Amino acid sequence: MDEGGHQKRGPVSINVLLATAVKFLSRAAEAESLDDLQKLLTNDIRCIIEFDRCLLVAHLGRKSRFVAANNAPSLDMKSKFNAEVRDLARSLAHQQDLLFIAQGKDLPEALTDRSKGDLGPRVQSFMRLSGCNQVLVVPLVHLKKIYAHLICEFFGENAPKKESVQVLKATAPVLASILGEKWILNEKPRLSSIMAADSLVSSLSPTRVAYLFLVSFIGAVICFVLFLAPFDFMVGGEAEVTPQVKHFAFCKMDGLVEKVLVREGSPVEEGETLAIIDSRELDHQIQTAQREFDILTKEMVILKDGAGEEPAKLAQAELAGLKRRNKWKELAYLESQREFLNISAPATGTAVTKDVDSLVGKRFLAGQPFCEIARHGEVEADIQVPENRVSYVRPGQDVRLFLNTNPTRGYRLKLEEISPKAEAHPRLGNVYRARARFLTAPPREILVGMKGVGKIRAANATLWFVIHQRLKEQWNRLSLHF
């Protein structure tokens, strides 16, 4: 005997008890109805644990109720005892731990559990009405859901044995699953017809079998296409052909444009004159400098001729000569500026500046660009990627370019870089510019300014991934209105 008064059993007794529990579980699983199982749980479970009376309260169907008691074919629903058990059942609805309460006696440490809320007082009230000395409450829990509770009452000196309680606790999850199955079949009798494979096959006609096979096949195809079939996830938008390297013809001196010899789209050769700066301003500066040079020359000669009578004039003549040399350098510089009157093409290509022929009469400063030249074959594509798609774009991804001039032909490109800051587009909203280069030399018919559609192969994805992303974007936008 242990300190709690429980009789100790050896390993053999435990093994026998476990074998008995297995046989009981087999009988419970073979119960034909829910009522038979409830009677089995309250009467024949005595083979596992000895008790004076056993009650079963169920919590199935979101309702706690008193369903069975041993040696009671029917329950008196109007009795005070029945009402007390129903109240206890409601208090036990969330109790997942085994509970043992005794009156006036120390509890075995392994069977003791602290009650929660009003459960302890409710059990004590039940024990006073029942007249029992000890109560063991065993929860039937399956998948963390409480299906029922077994309430075992003990009168007098009778007490549950520790080994029996342990075996009953171990079999409780299996009993809970069996009880749940019987309850489902009791509530939905039609489900019993599909539990056996032969019943299912015999109830299906050939037409229905063919229909089910067709539906299953279509469902499998839809699931494969939605969740398994990979395809290229394309990102992109409007695209435009732009120069790969920008070549500008610069003005090398200040002045007004007198003539423009090219038009937008005109082919030009390297060194070809594109425009001529008006030379009248330069001619006036040269004539002015020439007159000042002639005056300084005459002044120097006169001062040298008079130096014999006045030695001081010799120093003045030297000063006039120094000014004459500076003016000569200025005159030479102005004369050299004539070669910069012509604005030449820096490379062979096409003039792409819009309305370049309308720049006649406009004043340019030295170093200011006059016209842009695009080399033949040195072109790339700028693709406008919407802001909500730029996270999928990475340098090195493959790009297909479809120009409006030939929308059926796709040109292969490689993504080089992405602009770090979005630009506001009046129709597309915020867009990032992705720059892509041709993998091979582009044909000469591809010109700067051509527009089309650029498709960037972002990754392999499934159709569900794309739909899921679209739905999340729409939800985020919709949530801004709340």
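Quick caveat: nothing in here was measured; it's all calculated off a predicted structure.
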*Validation row: Ile146, Gln95 side chains within 4.5 angstrom (heavy atoms)*: no
*Quick check: are there more than 12 heavy atoms from other residues, nucleotides or ligands sitting under 6.0 Å from OH of Tyr211?*
no
_Flag side-chain contact, heavy atom, 4.5 Å: Ser130 against Phe155_ = yes
*Verify side chain to side chain contact (heavy atoms under 4.5 Å, CB included) between Leu98 and Leu136, making sure each step is shown before the conclusion.*
CA-CA 8 Å; Leu98 185 141; Leu136 175 66; 3.6 Å; yes
_side chain to side chain contact (heavy atoms under 4.5 Å, CB included) for Ile218 and Val221? Distances and angles first, verdict last._
CA-CA 5 Å; Ile218 294 175; Val221 171; 5.7 Å; no
*Do the non-hydrogen side-chain atoms of Glu380 and Glu416 ever get within less than 4.5 Å of each other?*
no
*asked:* Which heavy atom of Phe402 sits nearest to which heavy atom of Pro407, and what is that distance?
replied: CD2-O, 3.4 Å
_Heavy-atom pair of closest approach, residues Gln134 and Ala159_ = NE2-CB, 3.5 Å
_Given 3.5 Å as the limit, does a donor-acceptor pair link the side chain of Asn43 with the main chain of Asn71, or not?_
yes
*Verify salt bridge (charged side-chain N to carboxylate O under 4.0 Å, His left out) between Arg435 and Glu417, making sure each step is shown before the conclusion.*
CA-CA 5 Å; Arg435 185 172 61 86; Glu417 61 182 22; 3.0 Å; yes
*Taking all atoms of both residues into account, what is the closest heavy-atom pair of Tyr411 and Pro443, and its distance?*
CE2-CG, 4.0 Å
*Find the distance between CD1 (Ile178) and NE2 (His142) and round it off to the nearest 0.5 Å.*
10.5 Å
Identify each donor-acceptor pair in which a side-chain atom of residues 18-31 lies under 3.5 Å from a protein atom, sequence neighbours left out, and give them as a table.
| unit_1 | atom_1 | unit_2 | atom_2 | d |
| --- | --- | --- | --- | --- |
| Thr20 | OG1 | Val16 | O | 2.9 |
| Arg27 | NH2 | Asp44 | OD2 | 2.3 |

*Could you walk me through whether Lys161 and Glu50 pass salt bridge (charged side-chain N to carboxylate O under 4.0 Å, His left out), step by step?*
CA-CA 8 Å; Lys161 296 179 173 55; Glu50 292 290 339; over 6 Å; no
*asked:* Working to the nearest 0.5 angstrom, can you tell me the gap between Arg46 CZ and Asn70 CG?
replied: 6.0 Å
*Measure the shortest side-chain to side-chain distance between Lys414 and Asp398 over non-hydrogen atoms and say whether it is less than 4.5 angstrom.*
yes
_When you measure from the side chain of Ser164 to the backbone of Ile48, do you find a donor-acceptor pair of N or O atoms at a distance under 3.5 Å?_
yes
*State, yes or no, whether a side-chain contact exists between Ile45 and Leu168 at a heavy-atom distance under 4.5 Å.*
yes
*Identify the two heavy atoms, one from Ala148 and one from Leu179, that lie closest to each other, and give their separation to 0.1 Å.*
CB-CD2, 3.5 Å
*asked:* Within the structure provided, determine whether Ser33 and Asn186 are in side-chain contact (heavy-atom separation under 4.5 Å).
replied: no
*Do side-chain atoms of Asn476 reach the backbone of Lys472 as a donor and acceptor pair under 3.5 angstrom?*
yes
*Search all heavy atoms of Leu274 against all heavy atoms of Ala249 and return the closest pair with its distance.*
CD1-CB, 3.6 Å
*Sequence neighbours left out, what pairs pass salt bridge (Lys or Arg N to Asp or Glu O under 4.0 Å) with at least one residue falling in residues 449-460?*
Asp232-Arg457, Glu240-Lys451
*Are Val385 and Ile418 side-chain neighbours, meaning at least one heavy-atom pair lies under 4.5 Å?*
no
*Measure the spacing between CZ of Phe370 and CD of Gln368 and express it to the nearest 0.5 Å.*
10.5 Å
*Can any side-chain N or O of Glu272 pair as donor or acceptor with the backbone N or O of Glu269 at less than 3.5 Å?*
yes
Pairs of donor and acceptor atoms involving the side chains of residues 83-90, under 3.5 Å and at least two apart or interchain, shall be tabulated with distances.
| unit_1 | atom_1 | unit_2 | atom_2 | d |
| --- | --- | --- | --- | --- |
| Glu84 | OE2 | Ser125 | OG | 2.9 |
| Arg86 | NH1 | Met77 | O | 3.3 |
| Arg86 | NH1 | Asn82 | OD1 | 2.3 |
| Asp87 | OD1 | Arg90 | NH2 | 2.2 |

*Quick one: list whatever passes ring pair (Phe, Tyr, Trp, His ring centres under 6.0 Å) with Phe438, sequence neighbours left out.*
none
*Can you tell me how far the CD1 atom of Ile383 sits from the CD1 atom of Ile456, to the nearest 0.5 Å?*
4.5 Å
*With a distance cut-off below 6.0 Å to the six-membered ring centre and an angular limit of 45° from the axis, does Lys362 pair with Phe364 as a cation-pi contact?*
yes
*Within the distance-only criterion (no hydrogens, no angle test), does the side chain of Gln384 pair as donor or acceptor with the backbone N or O of Glu423 below 3.5 angstrom?*
no
*Flag if over 12 foreign heavy atoms under 6.0 Å of CZ, Arg412*: no
*Tell me, do Gln38 and Thr42 make a side-chain contact under 4.5 Å, heavy atoms counted?*
no
*For Glu32, look at atom CD and say whether over 12 heavy atoms of other residues, nucleotides or ligands are found less than 6.0 Å away.*
no
*Locate the shortest heavy-atom distance separating Ile49 from Phe154; write the atom from each residue and the value.*
CD1-CZ, 4.3 Å
*Fit a plane to each ring of Phe248 and Phe250, take the angle between them on a 0 to 90° scale, and name the class: parallel (under 30°), tilted (30 to 60°) or perpendicular (over 60°).*
tilted
Validation: residues 56-69 side-chain donor-acceptor distances under 3.5 Å, sequence neighbours left out:
| unit_1 | atom_1 | unit_2 | atom_2 | d |
| --- | --- | --- | --- | --- |
| His59 | ND1 | Ser64 | OG | 2.8 |
| His59 | NE2 | His149 | ND1 | 2.8 |
| Arg65 | NH1 | Leu60 | O | 2.9 |
| Arg65 | NH1 | Lys63 | O | 3.2 |

*With rounding to the nearest 0.5 Å, note down the distance linking OG1 in Thr348 to CZ in Arg375.*
6.5 Å
*Checking Asn430 side chain against Glu387 main chain: does a donor-acceptor pair fall under 3.5 Å?*
no
*If you draw a 6.0 Å radius around NE2 in His425, do more than 12 non-hydrogen atoms from other residues or ligands fall strictly inside?*
yes
*Does Phe81 have any ring pair (Phe, Tyr, Trp, His ring centres under 6.0 Å) partners at least two apart in sequence or in another chain, and if so, which?*
Phe126
*Report the distance from atom CG of Asn158 to atom SG of Cys132, rounding to the nearest 0.5 Å.*
11.5 Å
_Using a 6.0 Å cut-off, check whether atom NZ of Lys39 has over 12 heavy atoms from anything other than its own residue._
no
